Amino acid sequence: MKRLITLITLVAALMLPGIASAQRMPVKSGMRLSQFKAPAAAPARVEEEPIMEAPEGTLYDNMYASSYAYGLGWGDIYIQNVDGGIGKVVEGTDGNLYIYNPISQGYIWFSILPWIKAEPAGDGKYVAKLPQLYIIDVGDPYYAYCMHYDEDEGMPVVEEEGEIEFTWENGVLTQLGDKFIGLCDATADWFYMADQHIVYKPQTDEPITLSDSEYYMQSYTMTYLSDPTDLTQTKERIVDVVIDGEDIYLGYLNNNNPDAFIKGKLVDGKATFPTRQYLGVDAYYNGHIYVLTADAFVDSETYSSPVFNYNLNDEIVFNVDEEAQNLVAEWPASMVTNVGPSTLSIINDYVAPGLVAFEEYPGVPATPLLSADDITVNTTAGWMALRFTIPTVDVDGFKLNENKLYYNIILDDEVFTFDPELYIGLPAPMTDIPYNFEDNVNFDIYISGNGVHTVYLYTTNFEMVGVQSIYTAGGEVNRSDIAYVANPIPSGINEVGTGAQVVDTRYYDLTGRELPAAPSTGLYLQRATYSDGTTATIKVVK
């Protein structure tokens, strides 16, 4: 079933986690605190509200954030120098300064991120008086507390009351002193997330974007090493290449920045791309994304199993065969897409990449794979989850360019439109869903590691549900046959349920704030507590 929370007992994991060094991979947004600690069975209603929207005033958006951060993993405390997070500041019309998501830019736990208030203290200084209500997670309040490092404990400890001081000068926010802003529950228990040395500054880098109406874009298949234990194993992705005289551009290196390119030079049969090129903002990782170049090596010591690790350098060089239309960067030459330009916080790594021109033609895509066994329904809440596979080949088995592949969800004989009033993670109404698209806010649309697409439908008013692929290449738009399945609700296929009795039911809006009763219309969250102590939270549409 779909849950916004996953209730897991982690008493042993949370008693005293070990402290580990910096994470190599960034943490995705949209997780819930109750995945790590069980909420109170019947929390008291919180009358005050956290600041979840930008207050009135002058907004400084998409700033470049850095800090020194503690973060909570599955049973471990991680420490890292956060570099390249997304910061925001509002100079409030009330004279206060409002700071966006100051707790752990490196560990993002909420779909909607909060603000804290700092009051003016003179001489360009502002003071955040703590604790402040930070966020409400499905009815449970969490607070920003002041913390200081305790040598005996070997970690930060909570102060009952405290202040964090900042300066705000020339559009730069700088924390003064060594105190931490930490995340705690209503009993002041620390959640092992805390930041100090916070700095937000303007982001001056801009991504390179190119228009296919101005430049000839050629699709290339990029093949790169995928297994540090077997250097013969590879993966592929389709990228865009533009050659303009001696300038060469490489694009589509990060799924959430598909229009951004890095720029290199073609000289004497070599294509050279300098490091630290900016791709833009990736909301999924709450970060500014860069392409870094590096020499790879197989690291068998840092982690429990071998991984590719990297020594950063200044450029990556490809050998170019113009006649064969290929580019090859020889081992150990590599590049990574990364949160920030200096500290490894990797999203994608491309080890010894080789590029070969992709022969693109207007093929008819193969029919999606969807069956009744791949559908989960909940009649009470009125939703169903579709799980299906979009083949990346045409009807004759030839490879398609995934970047030009889309799909529709079809109810009976009408294409379904995903409305952002209901699907809060979408920026605009969507009918044609890009193959690689994921909802980074509420995970109503996402792709599993095995390539299976999952889509949630908050309607059951239809007889048949179908999926159709669309391929837009070679100046044509071709559609697959529709994979249809009858509405499974009457037969109760995979019906969600429990043998325990419901002993308490509570209702919340999408920010997690408790409501006095279930709304008569609209979208809300419903949390049931069962007689066996388990809970389940579902999204309900009326």
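Quick caveat, the model's predicted, so the values are computed rather than measured.
Between Leu400 and Pro365 the shortest side-chain heavy-atom distance falls below 4.5 Å. The shortest distance between side-chain heavy atoms of Ile375 and Val465 falls below 4.5 Å. Met222 has its side chain within reach of Tyr350: a pair of non-hydrogen atoms, C-beta onward, lies under 4.5 Å apart. Contact annotation: the side chain of Val242 never approaches that of Ile248 to less than 4.5 Å [non-hydrogen atoms, C-beta and beyond]. The side-chain heavy atoms of Lys399 and Thr221, taken from C-beta on, include no pair separated by under 4.5 Å. A heavy-atom distance below 4.5 Å is found between the side chains of Phe308 and Leu231. Side-chain contact between Asn338 and Ser345: present, with at least one pair of heavy atoms (C-beta onward) separated by less than 4.5 Å. Between Thr472 and Asp432 there is no side-chain heavy-atom pair separated by less than 4.5 Å.
Asp83 and Thr343 form no side-chain donor-acceptor contact under 3.5 Å, judged by distance and modelled atom types alone. Using modelled atom types, one finds no donor on one side chain facing an acceptor on the other under 3.5 Å when comparing Lys88 with Asn62. Side-chain contact of Asp240 with Asn403: a donor-acceptor pair under 3.5 Å is absent, judged by distance alone. In this structure, a donor-acceptor pair under 3.5 Å is present between the side chains of Gln218 and Tyr216. Judged purely by distance below 3.5 Å, without hydrogens or angles, the side chains of Asp205 and Tyr64 never pair a donor atom with an acceptor atom. For Thr376 and Arg387, the side-chain atoms include at least one donor-acceptor pair closer than 3.5 Å. Of the N and O atoms on the side chains of Asp439 and Tyr456, not one donor lies less than 3.5 Å from an acceptor on the other residue. There is a side-chain donor-acceptor pair under 3.5 Å between Tyr134 and Asn101. Looking at Asp394 and Tyr361, their side chains do bring a donor and an acceptor atom within 3.5 Å of each other.
Here the closest non-hydrogen pair linking Ile482 and Gly466 is CG2-CA, 4.0 Å. The shortest heavy-atom contact between Trp115 and Glu53 is NE1-C, 3.7 Å. Closest approach of Ile103 to Asp195, counting heavy atoms only: C-OD1, 3.3 Å. Between Gly251 and Val239, the shortest heavy-atom distance links the atoms O-CB, 3.3 Å. What you find for Ser334 and Val351 is that their closest heavy atoms are OG-CA, 3.4 Å. Scanning both residues, Leu327 and Ala271, for their nearest heavy atoms gives CD2-CB, 3.9 Å.
With salt bridges taken as basic N to acidic carboxylate O contacts below 4.0 Å, none links Glu476 and Arg479.
The backbone N or O of Thr302 sits less than 3.5 Å from a side-chain atom of Asp299, completing a donor-acceptor pair. Formation of a donor-acceptor pair under 3.5 Å by the Glu246 side chain with backbone atoms of Val267 is not found in this model. Distance alone, capped at 3.5 Å, places no donor-acceptor pair between the Glu402 side chain and the Thr392 backbone. A distance-only check finds a donor-acceptor pair linking the side chain of Thr337 to the backbone of Asn348 [under 3.5 Å].
Note: Tyr406 and Phe437 fail the aromatic proximity criterion, with ring centroids not under 6.0 Å apart. Checked against a 6.0 Å centroid threshold, the rings of Tyr278 and Tyr290 count as neighbours. The aromatic ring centroids of Tyr60 and Tyr200 lie 6.0 Å or more from each other.
Other residues, nucleotides and ligands contribute more than 12 heavy atoms inside 6.0 Å of the CD atom of Gln233. In the displayed structure, Lys235 atom NZ is contacted under 6.0 Å by at most 12 heavy atoms of other residues, nucleotides or ligands. Atom CG of Asp230 has more than 12 neighbouring heavy atoms from other residues, nucleotides or ligands inside a 6.0 Å radius.
Test Val467, Thr389, Asn408 against Pro368 for side chain to side chain contact (heavy atoms under 4.5 Å, CB included) and you get one pass: Val467.
Taking the six-membered ring for Trp and thresholds of 30 and 60 degrees, Tyr70 and Phe180 have ring planes more than 60 degrees apart, a perpendicular arrangement.
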Subject >> CA sep, side-chain torsions, deciding dist, call: Asp349, Tyr310, side-chain hydrogen bond (donor to acceptor under 3.5 Å, both in side chains) >> reply: CA-CA 10 Å; Asp349 42 3; Tyr310 303 93; 2.8 Å; yes
Would you please test Phe416 and Phe418 for ring pair (Phe, Tyr, Trp, His ring centres under 6.0 Å) and show each step? CA-CA 6 Å; Phe416 181 72; Phe418 292 84; 4.8 Å; yes
